[in-house]
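These notes concern the structure reproduced below.
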There are 2 protein chains.
Amino acid sequence: MDLTDLEPVERRSTAAIVADRIRTAIMRGTFPPGTQLGEVELAARLGVSRGPLREAMQRLVAEGLLRSERHRGLFVRDLDAADVRDIYHARASVERAAGLLLLDGDREAAADRLDAALAVMAGAAAAGDPAAVADADHAFHAEFVAASGSPRLRRMADGLLVETRMCLAALQQTAPPSAGLLAEHRELCEAVRAGDRDRLTAVLEAHMADAVGRLLAPSAVPGASLPA
Amino acid sequence: MDLTDLEPVERRSTAAIVADRIRTAIMRGTFPPGTQLGEVELAARLGVSRGPLREAMQRLVAEGLLRSERHRGLFVRDLDAADVRDIYHARASVERAAGLLLLDGDREAAADRLDAALAVMAGAAAAGDPAAVADADHAFHAEFVAASGSPRLRRMADGLLVETRMCLAALQQTAPPSAGLLAEHRELCEAVRAGDRDRLTAVLEAHMADAVGRLLAPSAVPGASLPA
DNA sequence: GAGGGGTAGATTGTTGACAATCATACGAGC
DNA sequence: GCTCGTATGATTGTCAACAATCTACCCCTC
């Protein structure tokens, strides 16, 4: 009997579960930026009392997803153009660090993991499912940083990826054109496998800059805009 | 009348205030890693009910300072040698990104702000106050990242700095030898003023590597050690 | 008609009590 | 003597009620 497979039973707190639900909803654009989250209604909808719900909210406040105004309520943090730039810049820094760590570790294993994520993305793109492509994009970058083995880089990246999804949702751009996107990710993967440091950082930087450009360019989607 | 000086009144939530208090206590080593934080006692000591206290705890859990075990309690997260390396590596990445941003901005203004922090550190070193030196060190790096103008880098750096203090407290090394420390910070400041990119990143990297080496070297302080 | 003051409704903040779960100590059985 | 089962005390998880505050509306005054 292999004891290494025996993971401790998952006993997460109710607050953690509730936080996950709300985080996902914010990410998917169910609660657009600026929305006030009423406690009683949310608690009723989630089937919990206001106590655990408030605990979950505090978690999301700490993550920077919610903004708390005393005696007034909790609001989904609104993002402007400067935030979009800041998010992608921070992501570039974190993923660069993770990428360099990747090069020092087991490159082949990491590249294989990334290939798997890439396959999912390719499948979603082929199926023409924009939401699935966005999910795969998210998963790829999460995997990229996770493979570095740094818990803190992972934590920071996860937070930034959630904010990224918020931006996409706010702009109704669930997925950028998947043709170039797929190629950029594939290149990232190849750079890891090849152990090419300069290429990796360059591609990463370009990937982020491209994304910012796409998001901040005057969108053709009506009603999809960011303040200032 | 200058309206720019009129900041909105500070009306932070009770949970935020409580979280600050506990965070500081953890940082200072009042609650060593592994300590269980009983809710009733803490609430009584802080003069609040268990509700707001639990909200504050969730915040600290989200920040990664506390570890929550369902129906068992909240514990101060314990750090091992791998964590120390991870913390400083993540700090190096974040501060590098902030530093590069600094070079593109108003270098002179940033250098002036850093000089002020440096002066405080020099004063503390001259007074032979190890705790004050540690505070000044913390403040310098916080200022360094804050001056970059990136809210997300700032948030991440603040979290990492708190963890840094946890390490120092756990090792009873409130302050490393202040002679070399002061010089390293001064060099960082000068690199910013000069706009020397390569020097800045090199010094930063060395500064972090030095710190890890100091912390993980077999300490002469009895009873001050980290697991595995 | 514009501005100030007051009131009513709704929402958040806080509290104390109750239920569920866990850790420890004790005793029975093998 | 060791192990298993049980009871007890303490701690956490959850809830519903109360208090404080804010927003919006109406009315009065100038």
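Letters A, B, ... are given to chains in the order of the sequence lines, protein chains preceding strands, and every chain is numbered from 1. These figures come from a predicted structure and were not determined experimentally. Values below: every heavy atom of this structure, side chains too, minus hydrogens, waters and symmetry copies.
Straight-line distance from the NE2 atom of B/H71 to the P atom of D/dT12: 12 Å, rounded to whole Å. Rounded to a whole Å, the CZ atom of A/F75 is 13 Å from the P atom of D/dC22. The CZ-P distance, from A/R11 to D/dG13, rounds to 11 Å in whole Å.
Nucleotides of DNA chain C with any atom under 4.0 Å from a heavy atom of chain A span, from 5' to 3', C/dT12 to C/dC22.
Of the residues in residues 30-43 of chain A, none has a non-hydrogen atom less than 4.0 angstrom from any atom of DNA chain D.
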What pairs of nitrogen or oxygen atoms, one from the protein and one from nucleotides 14-17 of chain D, lie under 3.5 Å apart?
from	atom 1	to	atom 2	distance (Å)
D/dT14	OP1	A/T14	OG1	2.2
D/dT14	OP1	B/R70	NH2	3.2
D/dT14	OP2	A/T14	OG1	3.3
D/dC15	OP2	A/S49	N	2.8

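Under a 4.0 Å N-O distance rule, the pair A/D210/A/R214 does not qualify as a salt bridge.
By the side-chain contact (heavy atoms from CB on, under 4.5 Å) test, B/R70 pairs with A/R11, A/T14, sequence neighbours left out. For the salt bridge (Lys or Arg N to Asp or Glu O under 4.0 Å) test, no residue two or more places apart in sequence or in another chain qualifies with A/R21. Scanning for side-chain hydrogen bond (donor to acceptor under 3.5 Å, both in side chains) contacts around B/S148 gives an empty result, with sequence neighbours left out. Under the ring-ring contact (aromatic ring centres under 6.0 Å, His included) criterion, A/F140 pairs with A/H185, sequence neighbours left out. For B/E205, the side-chain hydrogen bond (donor to acceptor under 3.5 Å, both in side chains) criterion is met by no residue, not counting sequence neighbours. Not a single side-chain contact (heavy atoms from CB on, under 4.5 Å) links B/A119 to another residue, sequence neighbours left out. With sequence neighbours excluded, the residues satisfying side-chain hydrogen bond (donor to acceptor under 3.5 Å, both in side chains) with A/R45 are A/E41. In this structure, B/S68 has no side-chain hydrogen bond (donor to acceptor under 3.5 Å, both in side chains) partners at least two apart in sequence or on a different chain.
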Pair up each side-chain donor or acceptor in residues 58-65 of chain B with any protein partner under 3.5 Å, not counting sequence neighbours, and list the distances.
from	atom 1	to	atom 2	distance (Å)
B/Q58	OE1	A/R59	NE	2.8
B/Q58	OE1	A/R59	NH2	2.8
B/R59	NE	A/Q58	OE1	2.7
B/R59	NH2	A/Q58	OE1	2.8
B/E63	OE1	B/R23	NE	2.9
B/E63	OE1	B/R23	NH2	3.4
B/E63	OE2	B/R23	NH2	2.7

